[in-house]
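This report refers to the structure that appears directly beneath it.
This one's a predicted model, so the numbers in the text were calculated from it and none came from an experiment.
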Amino acid sequence: MTEIRQKAEFTKETNLQGEFVRQQSIFRQGVTADGSSDFQAQSDRYHLYISLACPWAHRANIFRKLKKLENVISLSIVDPIRDNQGWRFTDNPGCIPDFPNGFKFLEEAYEMTDPSFNGRVTVPVLWDKEKKMIVNNESSDIIRMLDSSSKCNI
Ligand SMILES: N[C@@H](CCC(=O)N[C@@H](CS)C(=O)NCC(=O)O)C(=O)O
């Protein structure tokens, strides 16, 4: 029988056994009510970038709705088709362009936050419109922040 060997798509995230080992999310800061982090909780200060094609982004979107934060945290939805240029903003049906920054690609948000970032550009992303930087790109952190939003007065 012919053995089929395929080159892994994400070589930086493939271990010696050929298993996918997901990269760590590197932006892990938090929004706090008392301003103890650099990110004080404030209405209309934060923006959520999601893709409807991503289950991790979906949970952030679900929490934004469940916690009734639609008028408090603005939203962009990238085009669900991600080619080798990465997540992109379009005005195709179901997408919401990047009104805060006018980015064409989500990569620009990562670049603006850390020009040396060389990992995979992923959704969801929580963005600070005031400091113009990513607060957090880890969905489990983001949903915890949204869940505690009433404690944060946002
Ligand atoms: N640990 C991240 C994982 C997020 C993630 O992997 N998102 C995928 C979509 S489901 C992504 O954006 N992938 C972009 C890519 O592979 O280039 C989280 O839970 O927030």
Side-chain angles (χ1 to χ4, degrees), residues 8-14 20-149 152-154:
E9 186 182 356
F10 304 116
T11 45
K12 281 195 269 180
E13 292 165 84
T14 305
F20 178 58
V21 182
R22 187 178 301 281
Q23 69 179 11
Q24 294 293 315
S25 302
I26 68 155
F27 303 109
R28 304 293 294 265
Q29 304 208 66
V31 174
T32 51
D34 59 3
S36 56
S37 72
D38 285 341
F39 304 96
Q40 173 100 44
Q42 276 167 6
S43 179
D44 201 30
R45 174 166 166 181
Y46 299 98
H47 188 79
L48 186 63
Y49 291 110
I50 64 162
S51 161
L52 297 181
C54 171
W56 289 280
H58 255 293
R59 62 177 172 173
N61 193 31
I62 288 168
F63 266 78
R64 177 175 172 269
K65 276 189 196 282
L66 281 177
K67 303 299 285 187
K68 302 192 179 3
L69 294 168
E70 286 119 308
N71 295 323
V72 174
I73 298 175
S74 49
L75 182 75
S76 288
I77 302 177
V78 296
D79 197 292
I81 309 295
R82 184 186 61 80
D83 60 18
N84 57 4
Q85 289 188 280
W87 295 119
R88 149 197 336 245
F89 299 100
T90 67
D91 48 18
N92 287 334
C95 303
I96 305 178
D98 177 33
F99 293 113
N101 297 301
F103 293 147
K104 294 282 171 260
F105 291 90
L106 185 61
E107 181 186 34
E108 295 166 61
Y110 280 73
E111 167 78 24
M112 194 178 268
T113 307
D114 178 2
S116 67
F117 178 80
N118 66 356
R120 251 175 340 106
V121 170
T122 60
V123 284
V125 164
L126 188 67
W127 175 262
D128 181 355
K129 292 190 272 191
E130 189 179 293
K131 289 186 186 286
K132 296 197 177 304
M133 64 185 291
I134 295 173
V135 181
N136 201 297
N137 72 332
E138 170 53 45
S139 61
S140 57
D141 292 349
I142 294 172
I143 64 173
R144 275 189 214 103
M145 272 182 256
L146 301 187
D147 191 36
S148 60
S149 58
C152 288
N153 306 316
I154 57 174

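Between the CD atom in Glu138 and the CH2 atom in Trp56 there is a gap of 10.0 Å [rounded to 0.5 Å]. Rounding to the nearest 0.5 angstrom, the gap separating the CD1 atom in Ile77 from the SG atom in Cys54 is 12.5 Å. The line from CE of Met112 to CG of Asn101 is 6.0 Å long, rounded to the nearest 0.5 Å. Remark: Asp141 CG to Asn136 CG distance equals 4.0 Å, nearest 0.5 Å. From Glu108, atom CD reaches atom CZ of Phe89 across 8.0 Å, with rounding to the nearest 0.5 Å. For the atom pair CG of Leu75 and CD of Glu70, the computed distance is 9.0 Å after rounding to the nearest 0.5 Å.
Side-chain atoms of Glu107 do not come within 3.5 Å of backbone N or O of Gly86 as any donor-acceptor pair. A donor-acceptor pair under 3.5 Å is absent between the side-chain atoms of Lys129 and the main chain of Ser74, judged by distance alone. Counting only distance, with no hydrogens or angles, the side chain of Ser76 and the backbone of Pro97 share a donor-acceptor pair below 3.5 Å. Judged purely by atom type and a 3.5 angstrom limit, Arg64 uses its side chain to pair as donor or acceptor with the backbone of Ile73. Remark: the backbone N or O of Asp79 is not paired with any side-chain donor or acceptor of Thr90 at under 3.5 angstrom.
Between Arg88 and Asp83 the shortest side-chain heavy-atom distance falls below 4.5 Å. Between Lys132 and Pro100, every side-chain heavy-atom pair lies at or beyond the 4.5 Å cut-off. Residues Arg45 and Asp128 are in side-chain contact: their nearest non-hydrogen atoms beyond the backbone lie under 4.5 Å apart. The side-chain heavy atoms of Phe27 and Val125, taken from C-beta on, include no pair separated by under 4.5 Å. The side-chain heavy atoms of Phe103 and Glu111, taken from C-beta on, include no pair separated by under 4.5 Å.
Heavy-atom neighbours of Asn71 CG from other residues, nucleotides or ligands within 6.0 Å: at or below the threshold of 12.
Using the six-membered ring where Trp is involved, Trp127 and Tyr49 have ring planes that are perpendicular, over 60° apart on the 30 and 60° scheme. Taking the six-membered ring for Trp and thresholds of 30 and 60 degrees, Tyr110 and Phe117 have ring planes inclined between 30 and 60 degrees apart.
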Next item on the list: For the pair Asp147 and Arg144, evaluate salt bridge (charged side-chain N to carboxylate O under 4.0 Å, His left out) and give the outcome as yes or no after the intermediate values.
Entry: CA-CA 5 Å; Asp147 191 36; Arg144 275 189 214 103; over 6 Å; no
